[in-house]
2 protein chains.
Amino acid sequence: MDKNHALDAFAALSQSTRLDVFRLLIKAGDTGMSAGDIGDTLGVRQNTMSANLGVLARSGLIRSMREGRSIRYFADMDGMRGLLAFLMEDCCGGRPELCQPVINELACAC
Amino acid sequence: MDKNHALDAFAALSQSTRLDVFRLLIKAGDTGMSAGDIGDTLGVRQNTMSANLGVLARSGLIRSMREGRSIRYFADMDGMRGLLAFLMEDCCGGRPELCQPVINELACAC
DNA sequence: TCCCTATATCAATACTTCTTGATATATGGA
DNA sequence: TCCATATATCAAGAAGTATTGATATAGGGA
């Protein structure tokens with residue numbers, strides 16, 4: 001995770017619809033949701049949703065998998081963890097080993 | 001932490017200088033840094049830095065304390081933790097008790 | 001009080017981003 | 001092949017944001 005990547009990720013999360021999408025996908029967990037279902041759930045038009053999903057995907061916070069005619073999206077926990085690690089780098093007086101394990105656990109692989 | 005607060009925080013972190021400032025303050029830990037020192041370290045003009053510090057402070061990611069003529073800024077770990085908690089709310093199939101303790105530990109009170 | 005240092009605010013310009021209607025691409029079924 | 005569904009792309013107008021020069025406020029020292 002480099003700085004530009006982190007900036008893209010934070011920009012992705014700083015818009016209302018995209019924040020809703022990410023949190024929805026966090027809740028959906030490994031099941032994920034199709035683009036259409038996400039749009040229906042949040043009441044967002046098709047092309048707007050597509051654009052916003054594209055922004056989130058390019059930022060590394062979500063990933064997608066084609067499934068027939070639909071595309072299923074998932075929260076990308078590796079991306080999320082990488083973002084946190086970047087943000088917290090060198091925290092705690094340059095002793096990141098104190099925080100890093102905590103960050104690593106935040107994978108929600110629960 | 002409500003949604004608008006979270007949006008403000010992510011918007012704050014989605015700008016290059018502000019991301020630098022926050023990471024610098026994460027490194028600085030409890031010591032913090034004065035506004036002037038932050039500006040000097042990052043090579044940013046006085047009024048630009050003041051505006052950016054204001055954005056970060058209003059978003060709840062940093063806090064400040066006047067110290068004579070200077071103002072010392074600190075990363076606000078409670079704000080950071082609240083943001084993560086909001087983002088990860090209802091993760092892991094609606095069993096947040098699995099993640100919340102991890103998030104709570106991420107206070108970098110190390 | 002007067003001045004110096006440290007930080008904040010203001011107004012304007014430049015820049016970026018969001019949304020939308022229209023349209024294109026991709027997949028599956030008949 | 002032809003059509004229907006699902007998603008993506010494009011161009012343009014609207015809205016929001018960053019930076020800057022100038023200026024204001026706040027605190028400390030003489």
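All heavy atoms count here, side chains included; hydrogens, waters and symmetry mates do not. In what follows, every chain begins at residue 1, and chains take the letters A, B, ... in the order their sequences are listed.
What separates CZ of Arg18(A) from P of dT17(C) is a distance of 9 Å, to the nearest Å. With rounding to whole Å, Asp8(A) atom CG is found 14 Å from dT16(C) atom P. Rounding to whole angstrom units, CZ of residue Arg69(A) and P of dA4(D) are separated by 11 Å. Counting to the nearest Å, the C1' atom of dA6(C) and the CD1 atom of Ile38(B) are 13 Å from each other. Per the geometry, CG belonging to Leu13(A) stands 15 Å off P belonging to dT17(C), to the nearest Å. As rounded to whole Å, 10 Å separates atom P of dA8(C) from atom CZ of Arg58(B). Computed from coordinates, the Tyr73(A) OH to dA8(D) C1' distance equals 9 Å when rounded to whole Å. Nucleotide dT7(D) holds its P atom 10 Å from the CD atom of Glu67(A), rounded to whole Å.
For Gln46(A) against dA8(D), a side-chain-to-base donor-acceptor contact under 3.5 Å is present.
Taking only side-chain nitrogens and oxygens, Ser50(B) never comes nearer than 4.0 Å to OP1 or OP2 of dT7(C). A sub-4.0 Å separation between OP1 or OP2 of dA6(D) and a side-chain N or O of Arg66(A) is absent. Within the 4.0 Å cut-off from OP1 or OP2 of dT19(D), at least one side-chain nitrogen or oxygen of Asn52(B) is found. Between Thr48(B) and dT20(D) there is a side-chain polar atom (N or O) within less than 4.0 angstrom of OP1 or OP2.
Distance from the side chain of Thr17(B) is smallest for dT19(D) among the nucleotides dT19(D), dT7(D), dG27(D). With dT7(C), dG21(D), dT20(C) as the candidates, the nucleotide lying closest to the side chain of Asn47(B) is dG21(D). Taking the side chain of Gln15(A) as heavy atoms from C-beta on, and the options dT19(C), dA6(D), dA8(C), the nearest nucleotide is dT19(C). Nearest to the side chain of Ile71(B), among dA8(C), dC18(C), dA18(D), sits dA8(C).
A donor-acceptor pair is defined here as one N or O able to donate and one able to accept, closer than 3.5 Å; such a pair exists between the side chain of Arg66(B) and the backbone of Gly68(B). Here the side chain of Ser50(A) pairs no donor or acceptor atom with the backbone of Gln46(A) at under 3.5 angstrom.
The nearest heavy atom of DNA chain C to Arg45(A) and to Asp37(B) marks one nucleotide each, and the one closer to the 5' end goes with Asp37(B).
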> Yes or no on side-chain contact (heavy atoms from CB on, under 4.5 Å) for Asp8(A) and Val55(A), after CA distance, side-chain angles and deciding distance?
Replying inline: CA-CA 8 Å; Asp8(A) 287 345; Val55(A) 171; over 6 Å; no
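For Arg63(A), there are no side-chain hydrogen bond (donor to acceptor under 3.5 Å, both in side chains) partners, not counting sequence neighbours.
Taking 4.5 Å as the limit, every side-chain heavy atom of Val21(A) sits out of range of all side-chain heavy atoms of Val44(A).
Within the 4.0 angstrom heavy-atom criterion, only backbone atoms of the sugar-phosphate kind lie near Ser70(A); the bases stay farther away. Note on Arg72(B): nothing from the nucleic acid sits closer than 4.0 angstrom, heavy atoms only.
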